[in-house]
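What's counted below: heavy atoms across the whole structure, side chains too, no hydrogens, waters or symmetry copies.
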Amino acid sequence: TLDRSSAASDVYKRQNNIISHSPSVKIVPANGSELQDQKTAEMYSSAWAHIKKRQSMMTKVIEFASDYIDIGEVAVKVYWDQTKGDLLGYAPELDEEGMPLVGLDGQQIASKTPVFSGDLVLERVFCFNLLRDPDSTSMDDSPYLIYRKMANLVDLRERYKGDEEKLKLITSSQNETYKIFDYSRARYTTSENQCMLKEFYYRPCHIYPNGYFYIATENGILEEGELPFGIFPIIYEGFDEIKTTPRHRSIIKQLRPYQIEINREASQQAMNSIVHGDDKVFTQPGAKISP
């Protein structure tokens, strides 16, 4: 049996063993004697160096190593976001027919809608929010994965501004309340300004040759379509395999489920209050408390 400090030290050592090797990707030519392959490898290496700098990959590697050891499962969602990147300007103002409006000087009238260059996003996925096909034998063989996450209502309304049908799907869930774990306060809080998003991703198969995705609230589908370039966006890796299940576990073994421990503590406090009475003692200044 290890005490808390020894167990934490062992976990940190395993994380540091991963991080200290600075895991990354090295791109080499398929045929080292071919000049074209060498040039292609150099070009891809330059692009990868730019991505690592722009995405702060070392910080992400530390996060992934932490999830890999602590949770036992690590996953990332890779996608292109048009609202990220550098500001290119503002979209033109459109008339009722969808044509750009032109001012007296002959120039297009700019709207207040910004246009960005877009950027690659590596979104950290906590695997307890990642669901798979119950009949699958491994995460890689699961025909689909479902990613659950909370989304801010204000941001969603801004994203679908002007689409009344989709705004109805977002607004109708405003009265729902959700229990959110607040890490800064180490307790659950009730949130009324968020809604649950479920993202369904289907791998390429005979039904969906290029794969398929749905992004939906509890009231309807916001987005759907084929996977861009047929690439499955979620990458998953596990630490310790569990027999007869596709999920993985951490080196940290859970001896007693959290909820049972919470119930035991609450019951113990109630019992102490009944046996010993009130847990508050009032004294006068200078008075001493006897056993």
Side-chain angles (χ1 to χ4, degrees), residues 11-91 113-127 129-130 138-140 142 145 147 149 151 155 159 183 197 199 201-204 210-213 215 223 225-240 248 250-251:
V11 169
Y12 292 144
K13 285 180 181 178
R14 291 176 180 270
Q15 293 178 6
N16 290 333
N17 286 339
I18 297 175
I19 299 170
S20 62
H21 288 82
S22 301
S24 183
V25 175
K26 182 178 181 180
I27 301 173
V28 296
N31 188 345
S33 60
E34 291 288 339
L35 182 60
Q36 183 62 36
D37 287 357
Q38 296 175 8
K39 293 293 184 181
T40 302
E42 291 176 1
M43 181 179 64
Y44 288 162
S45 297
S46 177
W48 174 233
H50 173 73
I51 292 173
K52 287 195 297 182
K53 181 179 179 180
R54 191 176 184 92
Q55 295 292 331
S56 302
M57 283 302 300
M58 196 60 227
T59 300
K60 287 184 170 60
V61 167
I62 295 174
E63 295 175 348
F64 297 153
S66 175
D67 291 346
Y68 184 69
I69 300 299
D70 293 346
I71 301 176
E73 295 177 312
V74 58
V76 60
K77 173 188 168 188
V78 184
Y79 65 100
W80 183 265
D81 191 343
Q82 289 288 358
T83 64
K84 304 290 185 180
D86 302 326
L87 178 63
L88 301 180
Y90 293 86
T113 304
V115 178
F116 294 90
S117 61
D119 200 359
L120 191 69
V121 178
L122 305 179
E123 182 177 344
R124 184 183 183 184
V125 176
F126 293 110
C127 289
N129 290 324
L130 193 62
S138 71
M139 295 294 284
D140 292 335
S142 179
L145 291 177
Y147 175 32
K149 66 179 181 180
D155 295 338
R159 179 179 291 269
Y183 283 94
L197 276 185
E199 302 180 1
Y201 296 103
Y202 290 83
R203 301 181 189 275
N210 291 320
Y212 210 82
F213 75 92
I215 300 178
E223 301 281 352
E226 292 185 345
L227 295 179
F229 307 104
I231 299 175
F232 195 70
I234 296 180
I235 303 172
Y236 169 92
E237 188 61 50
F239 178 75
D240 191 11
H248 295 75
S250 166
I251 189 177

Would you call Arg124 and Val74 a side-chain contact if the rule is heavy atoms closer than 4.5 Å? no
Minimum heavy-atom distance Asp37-Pro29, with the two atoms named: O-CB, 3.5 Å
CZ on Phe213 to CZ on Phe232, rounded to 0.5 Å: 12.5 Å
Quick check for you: to the nearest 0.5 Å, what is the distance between Ile215 atom CD1 and Glu223 atom CD? 6.0 Å
Distance-only donor-acceptor check, side chains Glu199 and Tyr201, under 3.5 Å: yes
Is the shortest heavy-atom distance from the side chain of Val121 to the side chain of Trp80 under 4.5 Å? no
Would Ser138 and Asp140 count as having a side-chain donor-acceptor pair, cut-off 3.5 Å? no
Just by distance, with hydrogens left out, do Ser66 and Asp70 show a side-chain donor and acceptor under 3.5 Å apart? yes
Locate the shortest heavy-atom distance separating Ala151 from Leu197; write the atom from each residue and the value. CB-CD1, 3.6 Å
State whether the number of non-hydrogen atoms from other residues, nucleotides or ligands found under 6.0 Å of Phe116 atom CZ is greater than 12. yes
Check whether any side-chain heavy atom of Pro233 sits under 4.5 Å from a side-chain heavy atom of Leu227, and report yes or no. yes
Look only at the side chain of Gln55 and the backbone of Leu120, and say whether a donor-acceptor pair between them is shorter than 3.5 Å. yes
Interatomic distance, CD@Gln15 vs CD1@Ile251, rounded to 0.5 Å, equals 10.5 Å
Donor-acceptor under 3.5 Å (Trp48 side chain, Val25 main chain): yes
Parallel, tilted or perpendicular for His248 and Tyr236, by the 30°/60° rule? tilted
Indicate yes or no for a side-chain donor-acceptor contact from Ser46 to the backbone of Glu42 under 3.5 Å, with no hydrogens or angles considered. no
Using a cut-off of 6.0 Å, state whether more than 12 heavy atoms not belonging to Tyr44 lie near its atom OH. no
For the residue pair Tyr68 / Glu63, report whether a side-chain donor-acceptor contact shorter than 3.5 Å exists. no
Please tell me if the side chains of Asn210 and Pro204 come closer than 4.5 Å, counting only heavy atoms from C-beta onward. no
Does Lys60 make a cation-pi contact with Phe64 (under 6.0 Å, within 45 degrees of the axis)? no
Within a radius of less than 6.0 Å around CD of Glu237, do more than 12 heavy atoms belonging to other residues, nucleotides or ligands occur? no
Taking Ser250 for the side chain and Ile69 for the main chain, is one N or O donor matched with an acceptor at less than 3.5 Å? yes
If I compare all heavy atoms of Met57 with all of Ile51, which pair ends up nearest, and what's the gap? CG-O, 4.4 Å
Going through the checks in order, is the salt bridge (Lys or Arg N to Asp or Glu O under 4.0 Å) test met by Asp86 and Arg54? CA-CA 12 Å; Asp86 302 326; Arg54 191 176 184 92; 3.6 Å; yes
Tyr147 and Glu123, any side-chain heavy atoms less than 4.5 Å apart: yes
Nearest heavy-atom approach of Ile234 to Leu145 is CG2-CD1, 4.0 Å
